[in-house]
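Protein chains get the first letters and strands the later ones, always in sequence-line order, with residue 1 at the start of each. The structure displayed is predicted, hence computed values, not measured ones.
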Amino acid sequence: MKIQDTLTKSEQEVDISKKVKIYLCGVTVYDESHIGHARTIIVFDVLRKYLEDKGIEIEFIQNFTDVDDKIINRANEENKTAGEISTKYIENYFEDFDGLNVKRATNYPKATEHIEDIIKFIEKLIEKGIAYPTKNGVYFSVSKFPDYGKLSKKKIDELQSGARIEVDEEKKDPLDFALWKLSDKEPVWDSPWGKGRPGWHIECSAMSIKYLGENFDIHGGGRDLIFPHHENEIAQSESCTGSQFAKIWMHVGMVTIDGEKMSKSIGNVKSIKHVIENWGPNIIRLFCLSGHYSKPIDYSEELLKENLIKWRQVETCHYELFHANNENSENIDEFVAKICTEFDRALDNDFNTHMALSAFFQIVKEVNRLAAEEKLGNENTKTVKKELKRMREILGLTIPEITENVKDEINKLIIQREQSRKEKQFEEADKIRDKLNEMNIELIDHKGKTIWMIKEKIKAEK
RNA sequence: GGUACUCUGGCAGAACGGUUAUGCGUGAGCCUGCAAAGCUUAUACAAGGGGGUUCGACUCCCUCGGGUACCUCCA
């Protein structure tokens with residue numbers, strides 16, 4: 001599998017001969033997660049599910065930034081402790097992402113639970129003469145890391161000339177960034193330099209190295225993290241260990257609205273709660289995977305609607321297979337095998353989810369075609385069923401299981417309706433159909449038989 | 001201003017130096033008691049502008065231009 005690496009600007013092979021270690025920069029837990037977070041996290045969710053499906057062991061670490069000015073500000077506004085705020089939004093995070101069918105990471109380390117590791121990390125940088133304490137905190141000396149700017153392709157002197165006026169005159173260089181901020185106000189921890197809290201970037205260096213080692217396979221996040229966050233992570237980590245940090249830097253494009261990045265100041269943020277409520281998890285996932293991960297994707301009702309239609313096709317396909325029992329069925333194993341290869345090839349080639357979806361839908365279409373032609377048998381569909389299920393699991397698309405009781409009830413009603421139709425009591429038949437519709441059950445009348453399917457309820461429909 | 005990314009048919013969106021997918025939409029039809037869903041078929045002579053390399057470029061190079069992001073916190 002090849003992934004486009006931001007650092008080398010070239011495709012790099014992921015070493016799948018052993019456990020693959022992935023670190024993803026998670027969220028700062030001071031507010032609700034939005035569709036932009038969802039995209040990044042869904043992309044990595046599919047990546048790890050795909051690799052796991054191939055039988056590769058994955059160690060997937062995603063942090064929570066639970067100490068930060070924003071959290072503290074929010075706590076002050078709401079007259080709560082920072083801990084209360086971060087706990088609340090971590091819970092909120094899991095509600096949202098469980099709802100999006102995202103598999104839990106191997107571990108979700110929190111900054112506040114790794115203060116010791118962070119302090120040790122900073123001490124090491126001071127020992128090496130790369131960081132220095134001032135009366136405000138400890139700073140990383142950018143000039144001591146000659147490769148600074150290699151990820152974001154920025155030149156140090158250009159950054160300096162563009163740098164805004166710094167309040168902190170203790171810093172040796174305006175570009176130097178905080179590793180430890182001295183403070184008296186909670187939340188604070190003791191350190192060799194006095195009470196305070198860690199800077200933003202250091203936690204990811206400390207925690208990724210702690211859990212994944214000095215050089216791991218993939219480090220990911222949104223594109224907006226390239227500078228300064230990931231640039232600083234590289235500077236800290238490589239200064240500390242003296243060796244290459246992450247092997248591949250994989251960055252996910254922004255979700256935009258009307259071509260603009262979502263941001264609080266513009267007020268165009270779509271929360272995951274809002275989007276799930278209206279569209280449900282499957283359509284959101286299809287939407288997030290519909291373009292190449294590295295490119296921006298524009299959020300619009302129109303696109304979600306398109307994915308709604310596609311999702312209905314998937315549901316139809318699933319239930320057509322579920323009910324398949326035609327006598328003269330066609331064998332499509334060869335076709336399926338071919339398309340499956342395309343699916344995998346697409347993902348192996350810089351994780352092209354759009355192409356993979358395209359392959360997936362080719363099978364969906366083929367199944368629905370056969371169903372329409374009454375050529376879908378029970379015998380010949382084992383392979384398709386298996387492969388579609390595999391793809392759905394990788395993509396994280398879910399269709400609910402139905403209990404036997406419900407099935408029986410549905411079947412009873414269908415038989416009643418058939419009887420009414422035979423007797424040309426169409427009003428009665430339609431009543432039964434309406435009743436089923438209210439239960440989100442849709443009937444499909446084929447020539448010889450009527451089948452049912454359970455439609456996911458989509459609030460935004462109509 | 002610097003850096004990065006980007007510019008493909010009505011919309012979305014890939015691949016490839018030589019047939020440009022796929023989906024949505026739209027038209028027609030099939031199926032149906034009517035629907036819905038689904039299916040079939042038709043439909044786009046599309047690549048920001050201009051150069052160049054080539055027998056041939058959407059794909060490579062140059063140049064001009066538009067857009068977005070980052071350069072402060074941000075998935």
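Using a 4.0 Å heavy-atom distance criterion, A:Gly259 is classed as a sugar-phosphate-only contact. At the heavy-atom level, A:Phe227 lies under 4.0 Å from the strands shown only through sugar-phosphate atoms. Here A:Arg417 lies in heavy-atom contact (under 4.0 Å) with a base. Residue A:Lys424 is classed as having no contact, given no heavy-atom separation below 4.0 Å to the nucleic acid. A:Gly26 comes within 4.0 angstrom of the backbone, heavy atoms only, and of no base.
Spacing of P atoms, B:G18 relative to B:A75, comes out at 42 Å, to the nearest Å. Atom name P, nucleotides B:A35 and B:C16: the rounded distance is 46 Å, in whole Å. Comparing the C1' positions of B:U54 and B:A12 gives a spacing of 33 Å, expressed to the nearest Å. Look at the C1' atom in both B:U40 and B:U8: the space between them is 28 Å, to the nearest Å. Look at the P atom in both B:U43 and B:U22: the space between them is 13 Å, to the nearest Å. As rounded to the nearest Å, B:U59 and B:G10 have C1' atoms that lie 25 Å from one another. Look at the P atom in both B:U6 and B:A15: the space between them is 10 Å, to the nearest Å. B:G9 and B:U72 have their P atoms separated by 36 Å, with the value rounded to a whole Å.
Where A:His292 and A:Leu443 meet RNA chain B, the nucleotide closest to each residue was compared, and A:His292 sits on the side nearer the 5' end. Nearest-nucleotide mapping onto RNA chain B: of A:Thr256 and A:Thr28, the residue sitting toward the 5' end is A:Thr256.
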Seminar exercise, completed: Per-nucleotide protein contact along nucleotides 6-11 of chain B, 5' to 3', at a 4.0 Å heavy-atom cut-off (B base, S sugar-phosphate only, - neither), is -S---S
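Of the candidate nucleotides B:A4, B:C71, B:A15, B:C71 has the atom lying nearest to any side-chain atom of A:Lys154. Considering only the side chain of A:Asp224, B:A75 comes nearest among B:A37, B:G33, B:A75. In this structure, the nucleotide among B:G38, B:U72, B:G33 sitting nearest to the side chain of A:Arg421 is B:G33. Listed candidates were B:A75, B:G38, B:A36. Nearest to the side chain of A:Thr316 is B:G38. Taking the side chain of A:Gln313 as heavy atoms from C-beta on, and the options B:G38, B:A14, B:C34, the nearest nucleotide is B:G38. Of the candidates B:A15, B:C39, B:C73, the closest approach to any side-chain atom of A:Ala372 belongs to B:C39. Across B:A75, B:U40, B:C73, the shortest atom-to-atom separation from the side chain of A:Val27 is found for B:A75. Set against B:A21, B:C24, B:C71, the side chain of A:Met355 has B:A21 as its closest nucleotide. With B:C73, B:A14, B:C34 as the candidates, the nucleotide lying closest to the side chain of A:Asp430 is B:C34. Distance from the side chain of A:Ser358 is smallest to B:A21 among B:A21, B:G33, B:A69.
Defined by atom type and a distance below 3.5 Å, a donor-acceptor pair is present between the side-chain atoms of A:Tyr148 and A:Asn232. In summary, the side chains of A:Asn268 and A:Lys261 do not present any donor paired with an acceptor at a separation below 3.5 Å, with no hydrogens or angles considered. Side chains of A:Asp5 and A:Thr8: a donor-acceptor N/O pair is present below 3.5 angstrom, by distance only.
Seen from the ring of A:Phe94, A:Arg104 counts as a face-on cation partner, given the 6.0 Å and 45° thresholds. For the pair A:Lys154 and A:Phe227, the cation-pi criterion (under 6.0 Å, within 45° of the ring axis) is fulfilled.
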Exercise. If pairs are Watson-Crick or G-U with both distances under 3.5 Å, what is the dot-bracket string of RNA chain B, marking crossing pairs with [ ] and pairs to another strand with |?
Worked result: (((((((..(((.....[...)))((((((.......))))))....(((((..]....))))))))))))....
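Between the side chain of A:Asp445 and the base of B:A35 there is at least one donor-acceptor pair of N/O atoms closer than 3.5 Å. Judged by atom type and distance alone, A:Arg433 does not reach the base of B:A36 through any side-chain donor-acceptor pair under 3.5 Å.
At least one side-chain heavy atom of A:Phe216 sits less than 4.5 Å from a side-chain heavy atom of A:Phe245. At least one side-chain heavy atom of A:Arg392 sits under 4.5 Å from a side-chain heavy atom of A:His318.
Rounded to whole angstrom, the span from the CG atom of A:Asn73 across to the P atom of B:U72 amounts to 19 Å. Distance CG (A:Asn232) to P (B:C71): 12 Å, rounded to an integer number of Å. Rounded to an integer number of Å, the gap from CZ of A:Phe343 to P of B:A21 is 23 Å. Atom CD of A:Glu366 and atom C1' of B:U40 are 13 Å apart (whole Å). Here B:U41 presents its P atom at 15 Å from CG of A:Asn368, a figure rounded to the nearest Å. As a whole-Å value, the separation of A:Lys270 NZ from B:A75 P is 19 Å. The CD1 atom of A:Ile226 sits 11 Å away from the P atom of B:C71 (whole-angstrom rounding). Between the P atom of B:A15 and the CG atom of A:Asp348 lies a distance of 14 Å, rounded to the nearest Å.
Side chain of A:Asp45 to main chain of A:Lys103: a donor-acceptor pair is present (N/O by atom type, distance under 3.5 Å, no hydrogens or angles). Within the 3.5 Å criterion, the main-chain N or O of A:Ala372 finds no donor-acceptor partner in the side chain of A:Asn368. A:Asn380 places no side-chain N or O within 3.5 Å of a backbone atom of A:Leu376 that could act as its donor or acceptor partner.
Checking the phosphate oxygens (OP1, OP2) of B:A4, a side-chain nitrogen or oxygen of A:Lys9 falls inside 4.0 Å. Listed pair A:Lys431 / B:A35 fails the phosphate criterion, with no side-chain N or O lying under 4.0 Å from OP1 or OP2. Look at A:Lys261 and you'll find a side-chain N or O under 4.0 angstrom from OP1 or OP2 of B:C70. Between A:His37 and B:A75 there is a side-chain N or O to OP1 or OP2 distance below 4.0 Å.
Of all heavy-atom pairs between A:Ser141 and A:Asp176, the closest is CA-OD1, 3.5 Å.
Partner of A:Tyr299 under the side chain to side chain contact (heavy atoms under 4.5 Å, CB included) criterion, out of A:Val255, A:Asp258, A:Thr256: A:Val255 alone.
For the pair A:Arg74 and A:Glu78, the salt-bridge criterion is met [side-chain N within less than 4.0 Å of a carboxylate O].
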